[in-house]
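Have a look at the structure below, then the notes.
Since we're looking at a predicted model, the values are computed, not measured.
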Amino acid sequence: MAFSAAELQKRHGLEGAPDPFPSLGGNTAPAPTTAAQKVNNNHGPTSSSVDTSSEDAFPSLGASAAPATNITKPAISAWASKPTAVKATGGKAKGAAASSGGLGRVGTPTATSHPFSDTFSIPAADLVQGKTAQDTISKVREQTGVIVESSTQMRTGLKTFLIRGADQKKLVIARRLIERGLSKPVTISVEVPITTLGTIIGPKGSTLKGITDSTQVKIDIPRRDTLPSYDPKDAKSDAGSDDEDNEDEEPQVPISIIGPSAACNDAKNKILALISHKTSQTSSSIKTIPSSYYPFISGPKGVKVKQLEEEIGQGEIKIHVPPPAVWKALEKQSQGDLDENEAVPKDRDLSIKVKGEKEKVKLAVQEILKQYESLNDSLRELKISIPKRQHRFLVGSSADDILDQTGCIVELPPVDDPSDQCVIRGPQPSLIPALTLVMDKANAIAVEMVDVVTLHRPNTSDPLAHAKKVLRYLLRTSKLRSIADSHSGVKVFPPFASAVANTGSVVIEIVGEDKGKVTKAKDEVAQVVKSVLPAGTTSVEVDHLIHSLLIGKKGSKIAQFEQAHNVTTVFPPAQEESSDVTLIYTGPLDSLPTEKKARDSKLKEILAGASKAIAELAKDAADIKTENLDIEKKWHRYIIGTGGTVLNALIGEDQLVNVKVGSNSNSSNSKSASTKEKENEDVVVVRGPSTEVDRVVKQIHQIVEDAKNDDIINGHTVEFNVLKQYVPHLVGTSGATINKLRETLGVKVNFDDDESAVKKAGKKPVVHCKIVGRKEAVEEAKKRLDAQIEKLEDETTEIVIIKRAIQPALIGSGGKYAIRLEEKYGVKLSFPRDNKEGQKPDEVVIRGGKKGVAQAKAELLEAAEYENESRQSTTFSIPTKSISQVVGKAGATINKIKNETNTQIDIEKTPTESDKTKTEVTVRGDKSSIASAKKAILEIVDEIGDEIEDSLEIDQKYHRTLIGQGGSKLKETINSATGGTLEGYKQAGLVTFPKSGDSDLNTVKFRGDSKLVKKIKAELEKQVATLKETVVIGVIVPQAQHASKIGRGGSALQDLQRRTGAVVHFPGSRQYSTVGDIENAAELGDAPEGDVVKVIGTKEVVAKAAEQLQISNERPARTDSRQGRSTPANDYPSRTISIPAKYYHAIADQQNLIRQIRNVGAFITIPTAPPKSTSVKPSSTSASNGNGLAAKTARIDLGAEDDIADDVEGEFELVENYQNAPEGEQEWSVRAKEESDLEKAAGVLNDAVEKAKAANHVGLLTGLPRSAFPRIIGSKGSTISRIRAETGADVQVSKDDDLITITGDESSVLQAKDNILSIVSRPQRGDRY
């Protein structure tokens, strides 16, 4: 018997719901309504549910798609009022409901067309209602073609869905769409280890995107700057490491998943599956077991631990039982790796670590704790005393042997504990056998000791301090290890630092099984210790950052220094950051005097020289600076990198710089720890050589910038509310406007028009807008939306009151400022006009959007306020006598104040009428600038202080020496007297030397502060006293020896002057003729002028230098290193060329002459130099009387009030060259192995002669200001080199006066003169017209 769906509803208590399966042929009336009943979530019938696959319960509803010819009359639905017309094509008539046949199907579904079904239930409270639910069901039907039926049971609150489809795949899709489309959004949180975030996100976010695309949920991962601090290297460290065991557990990071409940759970499962390999692993530390039981748990050579790993862990866990701390310290000492400054390991043993699969780790920990409890109950103790020096024989392999043979271990006291009390722990029957074995092992080794303190006690008052230096030297040079290696089976043990501190002695122990070898090794150690004499050691303070620079790459620099001074340099460990460097004499002791006092004196002298030399090296390398960078703490981990890798790369292999990041960057602070940490947590300190610091700072900034950019890429969100009335305009027709914004900037823009998101702002409803994307793009999108909103708002008008006097300045030339303001803010400005009615003269009208008007108004008022302030002025008086210091040399001081304060300063030319000692100063600008300028001027006035005038009688012959070249010596004297704190412009006028033509040429005058004047005067008196003791003598040195006495690059001459303290001038030097007359001229007789060397200094100094100069140093024949042969012999072909003697100096002084001849494979013999002709001097008197312009500008002892002419014209004189040159000819000889080379060499020499002949005129240019000389010379000589190249003339600029000498033919000399004058007449930067 067949039942209709309505009858089935009634039979099963489902009355009240519409008949979902109306009869297609009967006239069944609509069924009455009843309460709904729950449908179980299954795929088949149950005892209490409808069997949807039963043909009896659900008869066939007809063919699914019969041809039109077979359709005679449409079936009448129980819900329909009339039959539905069906077209012959099988399509739907107008107004017909959607077909239930699914995709591509028409007609009515039947049991055969939808054979698969599924039922499931969802709590009704978790489902959306209304139109959203209806749209979702319709979407499911359209996409999958399934039939969806649902009912709600009030008692359980569940809503049951019955879905039927053509295949199982469509059922799965439909169920997923329903669960996710009808479920209300929920938020769930999943905690994952921090190191798995990269796995979850995937390369460029691909993994995370795959999860969100497949589940249609939103997954929020915390931003990188909000994550907890964690160093992954701790998590990756091997369980077998002996490092500190206080590593933090890996933090868990919450990930939020937002979406339908089912989709959220699906996404959660996918995430957990991704990181299952990580979450299944764990680590555990056992800290409750005393370290004395570790050897029992580990077993001999770790046998028991390996057994646990295999039996319980099955190869999936790793167990590490660390040795006791004292064992590690003694083993390290036995390996020779001990540093004398290394801290002894603290009496704290590491914990037992177990890592691996989570469940097996738990089992292993339980087993280890069980073993400990058993051992604790069964083991006993026996205390014995064993000498401290024998403790090292009871660790390592010896300890394993004792444990293996007796089941006992020996507990040793810490190495820094002077006690020798030991404990034998083990089973009671094994204690006595263990004691016997322990004593056998302890006594089986021969031990000898060397007490360093005792050996040096007779030689020094502080033998302990010296012994420590000796120990550091022995460890740094590995001499102890070398001695041990030279004797097989012998080991040398240096003492621990704690033992030295506790006992006050430095004892080196030598141990081994062979007594004879131990004795020999002891004698060698004692000999090495004795060789380091107390007088042969010293300490030097050198900044620790310079140590690596002094050492050089692979120790090359310090090796050269040590070889040159016969010393060994011992630097402190880098981690100490100590500046104490020890120098130890390591030269041959037999070269020292045998008498102790003389020997010690000689050693001190040698070490003093070495100390001075290393101090000079340190000074040359001490270009150290410190940079403090203020960088937010959240970026510090990018600077440090994983495991410090980035920081190590920044510092470099040579470690020339020191970089401290965060709270460790400054430890010298008296504030509380919390305050200090808060202040320093954002500071990065970089210290080292300036070039390295600049490099590191630049790279750090780049790293931070890259990190910020990378952080931006992860996504930036801006949320704000928009008035609902503006949304249609922002979205545009069919979304055109908002879509263009999305495509142009690559952002997501969503307007939430859901009722729950709409808030009431007064009476105007608003809509929530959310923009997501890159930070720059998001900000630009919001900016564009804000601009559109502003345009939509009603325009407003503001009236701003501005004084008419400053309105032209605000409008600008041609209205450019007003136009810029209008374009910037999109407003219209209206300034008052004379003929405009209704607008007051001080009213400015601004029209436009509210925001634009407000911003334009603010900027306009700010500009008006600035104009008001910048047009202020003040006048005050200063003492007339201080004007020169306020103005400064050539106005340098007053111009500096103007530039720094941005003010205009006017000083009256005449004093005030009421008080002739005062002069008025007017300053114009804004208030703060005026105050700053006035303060700077008054500070200069206050610094003048108690001004006095004084004088000192100094012989005129000392003036040039006291002033120095270009005033350098006088500057040095003033800086020495004032401590170098006095600025250059304040030095002007302090000291005035007499000028040519003054009545008194010996009186030096002083003017300035009384204290400064007294100091400078005392310093000059001291220098004059020294000059009075100075003598000038002549020493005859054959001219052939001059080159060897001077040395390559002047090295021999510099060494001679350094050793003797004298100043030596050879003939031909610039200062040879100006240093003074020779006092022993009578003793020199008729010696050639070219052989007389001048020596200047005290009598003792010049005598010592003369003795050194007169030592003959015959040199062997020079070899040509390039060709590997001696200087050419007389049998080489040679050619003699006669050259006029007057051209000698012009040829010999030509650059690269000898090198050019060598390059062609020849050699040249230069004749003895004839006397040099007197230099050509200008006939003008202005250059020689000291009153010329250049003479004034070259002297710093002139006051700022000394007038210098503004208009300068140089004086020029053209004379013939070689006027006073010697007559006659000289023979120049060239030699070469080949005749062709000889021809080339002769050609080079002839070219040099022609060049000398062409230089037949000398131009003397004087009267130019020396302030223009730097421009004539140019940067690194570029300008003067250009003049020489363009004109062919040689140009020399004097360093002592204003003379410029130009040598060449007449036309080239004149051309060079014109070029120089054009450079001088060119206006300087900053000149006003």
Nearest heavy atoms of C769 and V749, plus distance in Å: SG-CG1, 4.1 Å
Take a 6.0 Å sphere around CG of N902 and say whether it holds more than 12 heavy atoms from other residues, nucleotides or ligands. no
Side chains of D220 and I255, heavy atoms from C-beta outward: is any pair under 4.5 Å? no
Closest heavy-atom pair and its distance - G925, I930: O-CD1, 3.3 Å
Can you name the nearest heavy-atom pair linking V646 to I703, along with the distance? CG1-CD1, 3.7 Å
What's the verdict on side-chain contact (heavy atoms from CB on, under 4.5 Å) for I897 and I905, showing C-alpha distance, side-chain angles and the deciding distance? CA-CA 9 Å; I897 297 174; I905 303 175; 3.8 Å; yes
Hydrogens and angles aside, do T875 and T922 bring a side-chain donor and acceptor to less than 3.5 Å of each other? yes
Between NZ on residue K218 and CD1 on residue I257, distance to nearest 0.5 Å: 13.0 Å
Residues D706, Q702; criterion side-chain hydrogen bond (donor to acceptor under 3.5 Å, both in side chains); working and verdict: CA-CA 6 Å; D706 292 343; Q702 186 61 47; 3.0 Å; yes
Can you find a pair of side-chain heavy atoms, one from E822 and one from K828, that are under 4.5 Å apart? yes
With a 3.5 Å cut-off and no angle check, do the side chains of Y825 and E859 form a donor-acceptor pair? yes
Atom CD of E191: over 12 foreign heavy atoms under 6.0 Å: yes
Can you tell me how far the CD1 atom of I271 sits from the OG1 atom of T196, to the nearest 0.5 Å? 9.5 Å
Could you name each residue pair satisfying salt bridge (charged side-chain N to carboxylate O under 4.0 Å, His left out) that touches residues 924-937, not counting sequence neighbours? D906-R924
Are any of the side-chain heavy atoms of V921 and I937 separated by less than 4.5 Å? yes
Determine, step by step, whether E779 and V718 satisfy the side-chain contact (heavy atoms from CB on, under 4.5 Å) criterion, reporting the C-alpha distance in whole Å, the side-chain angles of both residues, the deciding distance to 0.1 Å, and the verdict. CA-CA 8 Å; E779 291 176 350; V718 172; 5.6 Å; no
Is there a side-chain contact (heavy atoms from CB on, under 4.5 Å) between V685 and E627 once you walk through the steps? CA-CA 6 Å; V685 179; E627 287 280 353; over 6 Å; no
How many angstroms lie between CD1 in I883 and CD1 in I878, if you round to the nearest 0.5 Å? 5.5 Å
Hey, what do you get for CG (L821) to CD (Q855), rounding to the nearest 0.5 Å? 10.0 Å
State whether the number of non-hydrogen atoms from other residues, nucleotides or ligands found under 6.0 Å of K918 atom NZ is greater than 12. yes
Measuring from R847:CZ to E798:CD, what's the distance to the nearest 0.5 Å? 12.0 Å
If you look at every heavy atom in N895 and A890, which pair is closest and at what distance? ND2-O, 4.3 Å
Using a 4.5 Å cut-off on heavy atoms from C-beta on, say whether the side chain of T797 contacts that of V853. no
So do the side chains of T136 and V128 get within less than 4.5 Å of each other, counting heavy atoms only? no
Under-4.0 Å salt bridge between D135 and K131: yes
Among K782, R784, K783, salt bridge (Lys or Arg N to Asp or Glu O under 4.0 Å) partner for D786: K782
Results of salt bridge (Lys or Arg N to Asp or Glu O under 4.0 Å) for R695 - residues two or more places apart only: E692
Report yes or no: does Q216 contribute a side-chain atom to a donor-acceptor pair with the main-chain N or O of A263 at less than 3.5 Å? no
Spell out, as yes or no, whether a donor-acceptor pair under 3.5 Å connects the side chain of Q807 to the backbone of P841. yes
Looking at V722, is its backbone amide N or carbonyl O close enough to the side chain of H768 to form a donor-acceptor pair, meaning the two atoms are under 3.5 Å apart? no
K209: partners by side chain to side chain donor-acceptor pair (under 3.5 Å), with sequence neighbours left out: D213
Tell me, do H701 and L629 make a side-chain contact under 4.5 Å, heavy atoms counted? yes
Kindly give the heavy-atom pair with the smallest separation between G202 and T207, and that separation in Å. CA-OG1, 3.3 Å
Between Q252 and P193 the two heavy atoms that sit nearest each other are OE1-N, 3.4 Å
Quick one, R804 with D842, criterion side-chain contact (heavy atoms from CB on, under 4.5 Å). Give me CA distance, side-chain angles, the key distance, then yes/no. CA-CA 5 Å; R804 184 64 184 270; D842 57 349; 5.6 Å; no
So L785 and Q788, do their side chains get closer than 4.5 Å, heavy atoms only? yes
d(D682 CG, K634 NZ) to nearest 0.5 Å is 10.5 Å
Within the structure provided, determine whether T893 and V886 are in side-chain contact (heavy-atom separation under 4.5 Å). no
